[in-house]
Amino acid sequence: MPQPEFDAAKLKLIPREFYNRDPRRVARALLGKVLVRRQGESLLAGRIVEVEAYLGAGDAAAHSAAGRTPRNSVLFGPPGYVYVYFIYGNHYCFNISCLPDGEAGGVLLRALEPLAGIDEMMKNRGMAGPATNLQALRMISSGPGRLAEALGITRERDNGKDVTSPASDLVVMEDGFRPKKVAITARIGITKSADELLRYVIAGNGFVSGKRA
DNA sequence: TTATAGATTGCCT
DNA sequence: GGCAATCTATAAT
């Protein structure tokens with residue numbers, strides 16, 4: 001197995017201002033960044049390879065479409081905070097709020113390329129390790145429910161956390177990696193506003209969710 | 001108070 | 001390819 005290109009020493013925290021703009025721009029800019037989870041003594045990290053933008057206004061598919069509720073209030077709050085929701089009675093999905101306080105909007109993280117703490121992530125997923133091929137690695141965090149489980153993300157634990165704080169155990173960082181090519185497609189798994197091109201992926205990356213490797 | 005759909009995944013045929 | 005699992009929010013009685 002080739003080791004992924006990754007050097008934890010290069011990681012720099014991304015500031016709140018990064019998220020204080022249109023979710024489409026944040027989504028595009030998040031591709032190639034690194035999601036880092038501190039789990040006890042371990043560091044779990046994955047490169048963001050697939051995201052979707054959910055707009056506050058005029059986006060029927062967004063949880064914020066029907067106005068502010070206790071559940072979605074993070075989306076209406078200041079940028080750079082964690083919004084986790086539970087879906088289909090089985091899975092958590094991880095989002096980051098965008099736009100200034102009072103304006104709704106967010107980005108759903110849909111797939112990560114595992115970089116560090118791979119054994120721990122497999123344990124969190126209930127997988128037997130070690131991973132010996134690409135197919136096994138893909139099962140760790142290619143899909144919104146999978147990546148949340150791999151990093152131990154739950155609503156109870158993580159909703160409302162600040163991804164820009166050095167004190168947080170769940171942050172987004174950057175290591176200088178730049179995607180070579182980005183593809184934009186329709187969002188996956190939704191029925192409302194299904195035609196909007198708001199899904200961003202690193203073109204050709206093998207960890208993008210879906211059946212095709 | 002009851003019904004139904006949902007930003008998914010994994011197992012079954 | 002089909003569908004069950006199983007919690008939450010919202011719509012319909």
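All of these numbers come straight from a predicted model, not from anything done at the bench. Order of the sequence lines sets the chain letters (A, B, ...), proteins ahead of strands, with each chain counted from 1.
Between A:Leu109 atom CG and B:dT8 atom P the separation is 14 Å, expressed in whole Å. Going from atom CG of A:Asn90 over to atom P of B:dA7 covers 14 Å, rounded to whole Å. What separates CD1 of A:Ile87 from P of C:dC7 is a distance of 13 Å, to the nearest Å. Taking atom CZ of residue A:Arg187 and atom P of nucleotide B:dT8, one finds them 11 Å apart after rounding to whole Å. As a whole-Å value, the separation of A:Glu50 CD from B:dA7 P is 16 Å. One atom, OH of A:Tyr85, and another, P of C:dA9, lie 13 Å apart when rounded to the nearest Å. Distance A:Ile140 CD1 to B:dT9 C1': 16 Å, rounded to the nearest Å. What separates CD1 of A:Ile190 from P of B:dG6 is a distance of 11 Å, to the nearest Å.
Residue A:Phe86 places its side chain closer to C:dC7 than to any other of C:dC7, B:dT8, B:dA7. For A:Met139, the listed nucleotide lying nearest its side chain is B:dG10; candidates were C:dT8, B:dA7, B:dG10.
One P atom belongs to C:dC3, the other to B:dA5, and the distance between them is 15 Å to the nearest Å. Rounded to a whole angstrom, the distance from the P atom of B:dT4 to that of C:dA4 is 15 Å.
A 4.5 Å side-chain heavy-atom check between A:Phe94 and A:Leu35 finds at least one atom pair inside the cut-off.
Taking CZ from A:Phe18 and CD from A:Glu174, the interatomic distance works out to 8.0 Å, rounded to the nearest 0.5 Å. Taking CG from A:Leu55 and OG from A:Ser64, the interatomic distance works out to 8.5 Å, rounded to the nearest 0.5 Å.
Proximity of A:Arg146 to the phosphate of B:dG10: a side-chain N or O atom is located under 4.0 Å from OP1 or OP2. Between A:Thr69 and C:dA9, a side-chain N or O to OP1/OP2 separation shorter than 4.0 Å is absent. The phosphate of B:dT8 has OP1 or OP2 within less than 4.0 Å of a side-chain N or O from A:Arg110. Distances shown here put every side-chain N or O of A:His63 at or beyond 4.0 Å from the OP1 or OP2 atom of C:dA9.
Across all strands shown, B:dT2 forms a Watson-Crick or G-U wobble pair with C:dA11, both key distances being under 3.5 Å. Summarising the base pairing, B:dG10 is matched to C:dC3 through a Watson-Crick or G-U wobble pair whose two defining distances lie under 3.5 Å.
Looking at A:Tyr88, its side chain has no donor and acceptor atom pair within 3.5 Å of the base of C:dA5.
Within a 6.0 Å sphere centred on CG of A:Asp7, other residues, nucleotides and ligands contribute more than 12 heavy atoms. Applying the 6.0 Å contact sphere to CZ of A:Arg25 captures no more than 12 heavy atoms from other residues, nucleotides or ligands.
Proximity of a side-chain donor or acceptor of A:Gln39 to a complementary backbone N or O of A:Leu44 within less than 3.5 Å is not detected.
Take the nearest nucleotide of DNA chain B for A:Glu149 and for A:Lys192: the residue whose nucleotide is more 5' is A:Lys192.
Using a 4.0 Å heavy-atom distance criterion, A:Arg125 is classed as a sugar-phosphate-only contact.
We find that the ring of A:Tyr54 and the base of B:dA7 stack, their centres lying under 5.5 angstrom apart and their planes tilted less than 30°.
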